[in-house]
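Written below as structure tokens is the structure these notes are about.
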Amino acid sequence: MPLDTQAASSVQVVNGPALPAATRLRGKDLLGIAELTPAEIRLVLDTTEAMKEIGARPIKKVPALRGKTVINLFFEPSTRTRTSFEVAEKRLSADALNIAAGTSSVVKGETLADTALNLEAMSPDLMVVRHPSSGACHFLSRICRAGIINAGDGMHEHPTQALLDAFTIREHKKRIEGLKIAIVGDLLHSRVLRSNVLLWTKLGAEVWVSGPPTLIPPGIGRLGIRATTSVDEAVEGADVIMMLRIQLERMQGGYFPSLREYFTVFGMTPERVRRAKRDVIIMHPGPMNRGVEIASEVADGPYSVILEQVANGVAVRMAVLYLLAGGGEHEAAA
Amino acid sequence: MPVLMDGERIARTLMRIAHEIIERNRDVRDLALVGIRTRGVPLAARLRANLREITGEDVPVGALDITLYRDDLMRHTVAPQPLIRRTEIPFSIDDRKILLVDDVLYTGRTVRAGLDALIDFGRPKAIQLVVLVDRGHRELPIRADYVGKNVPTSALESIRVRLQETDGQDLVLIEKEDEQK
């Protein structure tokens, strides 16, 4: 099967001399989008392109992290993120260990610091940490020599989610700069929102957020974004719509009268999608509550890229793991 | 900086290699070219054009990034981390003869990584190595099947290959390490 000329020329383009400004991440950790420069974000996204191709091979494994040990330390339930990290670690040939808080000494009352220091005594290169407290990863990064990757800390940040979302947007729109991106839902409890907004504003997108007034955190305008309680206004002419999960486990405070009412006022319906640009893409970080924040017709519809997000998650995490652990020792961990 | 090959010399060399490939393989229909990034890729594309000119057949071309297979990936402490770029092999390598193309053959470690990377894509019938310059100093038992030019060098010298597609001009230069920058 001969390669047609168009494909041959695309090989040339990728091969072009344009190199991104950053060639490595500065720290030993990935704690949040807040700590990354735009050049570092682009480096992760560019590296992700190369990693994505590995997932399409018959043998989906490269030896880049052979001999490196990665501990996945999850203090909160997770399907997507934990599996995605584990697949990424295996594809790079790292040795991956999973520790779920429910089956560890944490239930015997061991503190976070003690758990981490004991694990560190087994000299892992990286620890992937999810924890219900905001700032847990920053704390661990100060006491551990191993690099820490934040896989979600409380209501603070979830950087790899934001990076995979950005990668998915860039695949469809070829850019982030200048796009109108609307994000709708529970803005108060969402670490996905925080990481995404930081990333999009760093790369120059126009960001709109919308949700019930009780779930809009005060001072959100300081992030350089537009907040509105009208979903219709937020999605008008949008290039990207992202729905956030209503975190049913955090809804004891009576933030809105009922899930049914929430869906009527804030749910993403096909009618609302029509207000956006014709080539809009619909995103959701999962897990979805169908019929609460998003109608099934939208979630399964032609604009939805929700499952692509999951597929891209593996490639993004491979890129982060490689960039943090793949290039030799980092100069004396700060 | 002494010039080892100019544009015309490079073009003639690549045409000669194309003839050698045909002489050795007879049927070009089960051949495929795979260039090692960065400069092996345009060299592979040029060989493909030459093969088409001679035989009228199109040979598929791919690009291989070997960064993740390098044996020195974990060893450099200060050197910048190599940027990984896409590997693109849009055809099955199973039962094909693969011509692996690179610009300079030196220690052989890049080729070793390239062989490992290729084999993760399937089981080729054979792999043959094409290089524009062989400068000696092998550290692994690897040799090229097609060599543009053999250049005896000292370890203090370095070979610079510049190609139109990547650098805006066709030139092969040799320079002393201390002349750099």
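Owing to the predicted nature of the structure, the values given are computational and were not obtained by experimental measurement.
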> What part of B:Asp120 is in contact with chain A, defined as an atom under 4.5 angstrom from a non-hydrogen atom: side chain, backbone, both or neither?
Replying inline: both
>> Given heavy-atom pairs under 4.5 angstrom as the criterion, report whether the side chain, backbone, both or neither of A:Lys61 touches chain B.
In response: backbone
> More than 12 non-hydrogen atoms from neighbouring residues, nucleotides or ligands closer than 6.0 Å to CZ on B:Arg123, yes or no?
Replying inline: no
>> Assess the residue pair B:Asp65 and A:Glu53 against the criterion (side chain to side chain contact (heavy atoms under 4.5 Å, CB included)); give the C-alpha distance rounded to whole Å, side-chain angles, the decisive distance to 0.1 Å, and a yes or no.
In response: CA-CA 11 Å; B:Asp65 185 297; A:Glu53 176 271 325; over 6 Å; no
> If you look at every heavy atom in B:Phe121 and A:Pro58, which pair is closest and at what distance?
Replying inline: O-CG, 3.8 Å
>> With rounding to the nearest 0.5 angstrom, report the CD1 to CZ distance, A:Ile54 to B:Arg86.
In response: 10.5 Å
> Can you tell me how far the CD1 atom of B:Ile84 sits from the CG atom of A:Leu323, to the nearest 0.5 Å?
Replying inline: 6.5 Å
> A:Arg57 and B:Ile89: side chain to side chain contact (heavy atoms under 4.5 Å, CB included), yes or no, with the steps?
Replying inline: CA-CA 9 Å; A:Arg57 295 184 188 178; B:Ile89 302 190; over 6 Å; no
> Heavy-atom count around B:Arg12 CZ within 6.0 Å, excluding the residue itself: above 12?
Replying inline: yes
